[in-house]
Amino acid sequence: MTSPRKTYIIANWKMNFTPGEASLYLHRLEKRITPSRNVQVILAPSTVALQPLSLQINRRQFKLAAQNFYWRDYGAYTGETSVSQLRGFVDYAIVGHSERRYVFNESEEDIAKKVAAAIRNNLTPILCIGETAMERKDGETAAAIYSQLINGLHEVSKEDISKIIIAYEPVWAISSNKNARPAKPADIDEAQILIRKHVSKLFGKTASEQIPVLYGGSVNSDTAGGYLSINGIDGLLIGGASLIADSFCAIVETAKGMKKYE
Ligand code: PEP
């Protein structure tokens, strides 16, 4: 029997916590979350906290992810941080988050270049895709998922597709949006089937079966178990609930206790 796929629990702290606060919060998590072969816990603090936290973490317990970076490796780009500068501190990098797409007007081209830059620097990109409320209302969910996927993976080769994680995050489900509501398991299942179908067409069947597909959008400790039990969902990207130690630790415990790991 093949062993079940790994589960990823990712905490996106967004623009919260000073480096000192992030360090104290990490101390609290360190005491409560034990390393696991099955569940990879990834923390994405803001850029200023990456270097100090990289010295503090036990990498068997936690990995770090960048929330953002610029795709060029160096040069005259005032205010930017390149992925090659972050490489020693992080193993993962979030790309294409809806707040980057819609608040900072990041283009599909920027996103594709960031995915490529992460791979070039040996980091795993976590490519976020998901339709807006309007796209869903207009029946354009499948088209939006397809276009974000094909554009985001535009510069990825067949050899490198195994280095990517996809996070399905419908924009209307993310808690920072007005009127946010959590997605229904059936919607998430439909999306992950679609994502795997497109990956299969673009990169082959094996890639589509092996690529980790996560869900993100208003997940909390009460709903995490239900989402994690969707066949084909390999983890969760968590914003708001990742800032509360009790909630986040309970979600990690739920992931560790999943039936597939018994
Ligand atoms: C996110 O911003 O990626 C996210 C999933 O946030 P929240 O869990 O707060 O909806």
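Every number for a ligand or one of its atoms is a count from 1 in the order of the listing.
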- Are a donor atom and an acceptor atom from the side chains of Asn151 and Gln148 found within less than 3.5 Å of each other?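 No, Gln148 and Asn151 have no side-chain donor paired with an acceptor closer than 3.5 Å.
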
- Query: For residues Gln67 and Trp13, is any side-chain donor paired with an opposing acceptor at under 3.5 Å?
  - Reply: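 Judged by distance alone, the side chains do not pair up.
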
- Message: Check Lys114 with Glu106, please: is the shortest side-chain N to carboxylate O separation under 4.0 Å?
- Response: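 Judged by the 4.0 Å cut-off on N to carboxylate O distance, Glu106 and Lys114 do form a salt bridge.
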
- Item | Within-shell test, Ala241 vs ligand 1, heavy atom, strictly < 4.0 Å |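 Per 4.0 Å heavy-atom rule, Ala241 does not contact ligand 1.
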
Closest protein heavy atom to [atom], given as residue, atom name and distance to 0.1 Å:
atom: atom 8 (O) of ligand 1; answer: Gly239 N, 2.8 Å
atom: atom 5 (C) of ligand 1; answer: Glu169 OE2, 3.1 Å
atom: atom 1 (C) of ligand 1; answer: His97 NE2, 3.2 Å
atom: atom 9 (O) of ligand 1; answer: Ser175 OG, 2.5 Å

- Among all residues two or more places apart in sequence or in another chain, which pass the side chain to side chain donor-acceptor pair (under 3.5 Å) test with Lys137?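 Result, side chain to side chain donor-acceptor pair (under 3.5 Å) vs Lys137: none returned.
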
Could you tell me which atoms of ligand 1, counted from 1 in the order shown, lie closer than 4.0 angstrom to a heavy atom of [X]?
X: Lys14; answer: 1 (C), 2 (O), 6 (O)
X: Leu237; answer: 3 (O), 5 (C)
X: Gly217; answer: 5 (C), 10 (O)
X: Gly240; answer: 7 (P), 8 (O), 9 (O)

- Task: Can you run down the side chain to side chain donor-acceptor pair (under 3.5 Å) pairs that involve residues 56-65, sequence neighbours left out, and say none if there aren't any?
- Result: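 Listed by first then second residue: Ser23-Gln56.
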
- Query: So with a 6.0 Å cut-off around CZ of Arg32, is the heavy-atom count from everything else above 12?
  - Reply: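 For Arg32, atom CZ is crowded (more than 12 foreign heavy atoms under 6.0 Å).
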
- Is the cationic atom of Lys256 (NZ for Lys, CZ for Arg) positioned less than 6.0 Å from the six-membered ring centroid of Tyr261 and within 45 degrees of its normal?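 No, Lys256 does not lie over the aromatic ring of Tyr261.
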
